[in-house]
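Shown next, in structure tokens, is the structure this report addresses.
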Amino acid sequence: MLDLNFILKNINLIKEKTEKRHYSYDFDKLLQLAENRKNIIKEVEELKWKRNKGSKEISQLIKTGKDASFLNKEMRELSDSVKSLDITLKNLNDEINKLLLNIPNIIDDTVPIGVNETDNIVVRSYGEKPVFNFQPKPHWEIAENLGIVDFNRASKLSKSRFSIYFGNGAKLERALINFMLELHTAKGYVEIIPPLLVNETTMTGTGQLPKFEEELFKCERDNLYLIPTAEVPLTNIHSGEILSIEKLPIYYVAYTPCFRREAGSYGKDVRGLIRQHQFNKVELVKIVSDESSSAELEALLLNAEEILKLLNIHYRVVTLCSGDLGFSSSKTYDIEVWLPGLNCYKEISSCSNFKDFQARRASIKYRDKKGKIHFAHTLNGSGLAVGRTFLAILENYQTKEGYIRIPDVLQGYFKDLQLIK
RNA sequence: GGAGAGGUGUCCGAGUUGGUUGAAGGAGCACGAUUGGAAAUCGUGUGUACCCUUUACGGGGUACCGAGGGUUCGAAUCCCUCCCUCUCCGCCA
């Protein structure tokens, strides 16, 4: 959410930045409502001032034993108009708030301008595409042949886009989770196990609601939502708080399952593990001071990249262009991993700087050394999507025989096993 | 799920027969005095959001005592709903 007064003062900047996202928005309506709001506030506050003054008068009269009933009629009328204006104001505020919640974040000046993902810019890459002396298979073939992932039985238990991991498949997934958590906690991230079900306020704080309700699994009966990413609970840990500057920067890491309805993506990535309703992810979240977030984003990105470097898998980093940027983000880098079986790059991590956009929604503030209060800046990134890392290993570490070599850095989790057969 | 107690400022803690209470008192913190320095002591200050006003410093106003409604000229104080915490019971991993 952007600040209303900031929007009013910088309306041209906001319009320009929003257009660059190719996001259409009716700012005139907002401006009109904001104007009404100010007028009504002025009016109602003046009436309240009169009412308060009158009440004190009555109080004084009663205390000195005098009759105050001659004021009753006037005061009642005053009070009635305050009440009706208060209702008008509340409705107006609600309406403005709804509009504000649907304005996307301001894109960072360093974000390339473009229309869609084809305009994203590759900033760097690591390693090279591996060369195979056979035709590499897609991960689902390898996995099903080895019996380490079962899609059909999973859809029997739930529905399509779910999976069951078996034996060394389950073990590989767990090894990856541990490997990632150990690396990040060693870098100073505090490990968190958050709730997986959260309420509407929490979902609104990070921007999943109200715009993306369709994407969420909801427990109607209890009015709770399954988290689509650990970003939601982690970022909201300090919602409604004013942190002291000494507490910053805050670094959190959490492994959680993530749940997404994937509405509107029918027919996309239907096979295999790429797009599931439930998947595992290790998520990094930072809460930092407002002048440090740009540098923190670069550091966060490197932390995520390191996992793939250690696994020795080829990837590239792209900067999302203005048209491809997420609603809440000011700047985003995607890490795209190379998948030889599918012969393409696939997003495996998304690292974003939200600046004060989420902090304003969730009211996460900090007090600087002079005692002045600022909104914090929040960032997050996958470190990494575990399911996609799993399938990247399958495709990059497959052998001619259809086996999977276990990466060196994961060897410790498998004792003497070098190959999953 | 049943019975009871409670939710007040950075913290502790008054205030529930409604009336200058943004809110006593204490602690903490900041600044100043005292000191060679420190402790102790004394003095002053110490919330947030929004509106109006001012070039600025500042000044004025409104709201906020878990959240949302209601009663009233007026509510931290009375009534209703919800949320949360604690104790006991039941159930259960």
Side-chain angles (χ1 to χ4, degrees), chain A residues 1-10 30-101 193-205 209 219-225 233 236-248 250 257 290 356-357 359-376:
Chain A
M1 181 164 62
L2 303 178
D3 178 56
L4 180 59
N5 282 328
F6 181 82
I7 294 172
L8 297 180
K9 278 184 200 149
N10 302 280
L30 181 70
L31 295 180
Q32 181 62 54
L33 291 175
E35 181 71 23
N36 291 352
R37 175 175 171 271
K38 283 211 174 178
N39 291 333
I40 289 180
I41 286 176
K42 242 183 271 183
E43 204 180 331
V44 75
E45 289 198 348
E46 198 180 319
L47 288 178
K48 281 182 181 172
W49 176 71
K50 280 188 190 163
R51 185 188 65 183
N52 291 348
K53 221 171 61 169
S55 292
K56 279 176 194 168
E57 252 176 76
I58 291 176
S59 159
Q60 288 305 314
L61 288 172
I62 291 172
K63 267 189 182 167
T64 52
K66 288 175 189 154
D67 177 42
S69 57
F70 68 95
L71 282 168
N72 281 357
K73 184 164 177 285
E74 193 190 334
M75 289 298 288
R76 177 180 280 272
E77 280 165 9
L78 195 55
S79 185
D80 285 346
S81 35
V82 165
K83 269 176 201 166
S84 79
L85 270 180
D86 262 342
I87 290 168
T88 313
L89 183 62
K90 188 183 178 296
N91 291 337
L92 206 47
N93 276 332
D94 287 349
E95 208 174 335
I96 288 172
N97 226 1
K98 262 185 219 158
L99 290 178
L100 286 179
L101 287 174
I193 300 178
L196 306 181
L197 286 166
V198 301
N199 60 34
E200 189 180 326
T201 307
T202 302
M203 280 295 182
T204 307
L209 290 177
C219 303
E220 200 69 54
R221 193 184 164 94
D222 297 288
N223 223 339
L224 292 169
Y225 297 84
N236 278 288
I237 285 177
H238 297 290
S239 66
E241 296 184 17
I242 299 175
L243 303 157
S244 68
I245 184 83
E246 294 85 52
K247 285 205 169 173
L248 302 184
I250 290 171
D290 57 9
D356 60 3
F357 189 85
R360 186 171 285 109
R361 284 173 167 246
S363 190
I364 305 166
K365 303 177 185 177
Y366 71 93
R367 200 184 300 275
D368 69 19
K369 279 184 183 134
K370 288 177 184 165
K372 201 169 170 243
I373 288 172
H374 309 252
F375 281 109

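What you see is a predicted model, and the numbers here were worked out from it, not measured in a lab. Only heavy atoms go into these numbers, but all of them, side chains included; no hydrogens, no water, no symmetry mates. In what follows, chains carry the letters A, B, and so on, assigned in the order in which the sequence lines appear, proteins first and then strands, with residues in each chain numbered from 1.
Rounded to whole Å, the separation between the P atoms of B:rG45 and B:rG25 comes to 12 Å. To the nearest whole angstrom, the two P atoms, one in B:rA14 and one in B:rC91, are 37 Å apart. With P as the reference atom, B:rG26 and B:rU62 are 28 Å apart, rounded to whole Å.
Smallest separation of non-hydrogen atoms from A:M1 and A:R360: O-NH1, 3.2 Å.
At whole-Å resolution of the value, CG in A:L89 and C1' in B:rG61 are 15 Å apart. Between the P atom of B:rG69 and the CG atom of A:N91 lies a distance of 11 Å, rounded to the nearest Å. The nearest whole Å value for the distance from the CG atom in A:N199 to the P atom in B:rC82 is 18 Å. Put simply, CD1 on A:I62 is 8 Å from C1' on B:rG19, counting in whole angstrom units. Note: NZ (A:K50) to C1' (B:rG61) measures 14 Å, nearest angstrom. We find that CD of A:Q60 is positioned 9 Å from C1' of B:rG19, with the value rounded to whole Å. Counting to the nearest Å, the C1' atom of B:rG47 and the OH atom of A:Y366 are 19 Å from each other.
Using a 3.5 Å distance cut-off with no hydrogens or angles, the side chains of A:T202 and A:N199 do pair a donor with an acceptor.
When atom types are taken as modelled, the side chain of A:R37 and the backbone of A:N93 share no donor-acceptor pair closer than 3.5 angstrom.
Residues A:G54 and A:V44 each lie close to RNA chain B; by heavy-atom proximity, the contact nearer the 5' end of the strand is made by A:V44.
Evaluated for a side-chain contact (heavy atoms from CB on, under 4.5 Å) with A:I364, the options A:I242, A:I250, A:L243 yield exactly one hit, A:L243.
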Reading nucleotides 48-55 of chain B from 5' to 3' and marking B where a protein heavy atom lies under 4.0 Å of the base, S where only the sugar-phosphate is that close, and - otherwise, the string is S-SBS---

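Residues in residues 49-60 of chain A take part in no side-chain hydrogen bond (donor to acceptor under 3.5 Å, both in side chains) pair, two or more places apart or across chains.
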When you compare the protein's N or O atoms with those of nucleotides 74-80 of chain B, which come within less than 3.5 Å of each other, and at what distance?
from, atom 1, to, atom 2, distance (Å)
B:rG74, OP1, A:S79, OG, 2.6
B:rG74, O4', A:S55, OG, 3.1

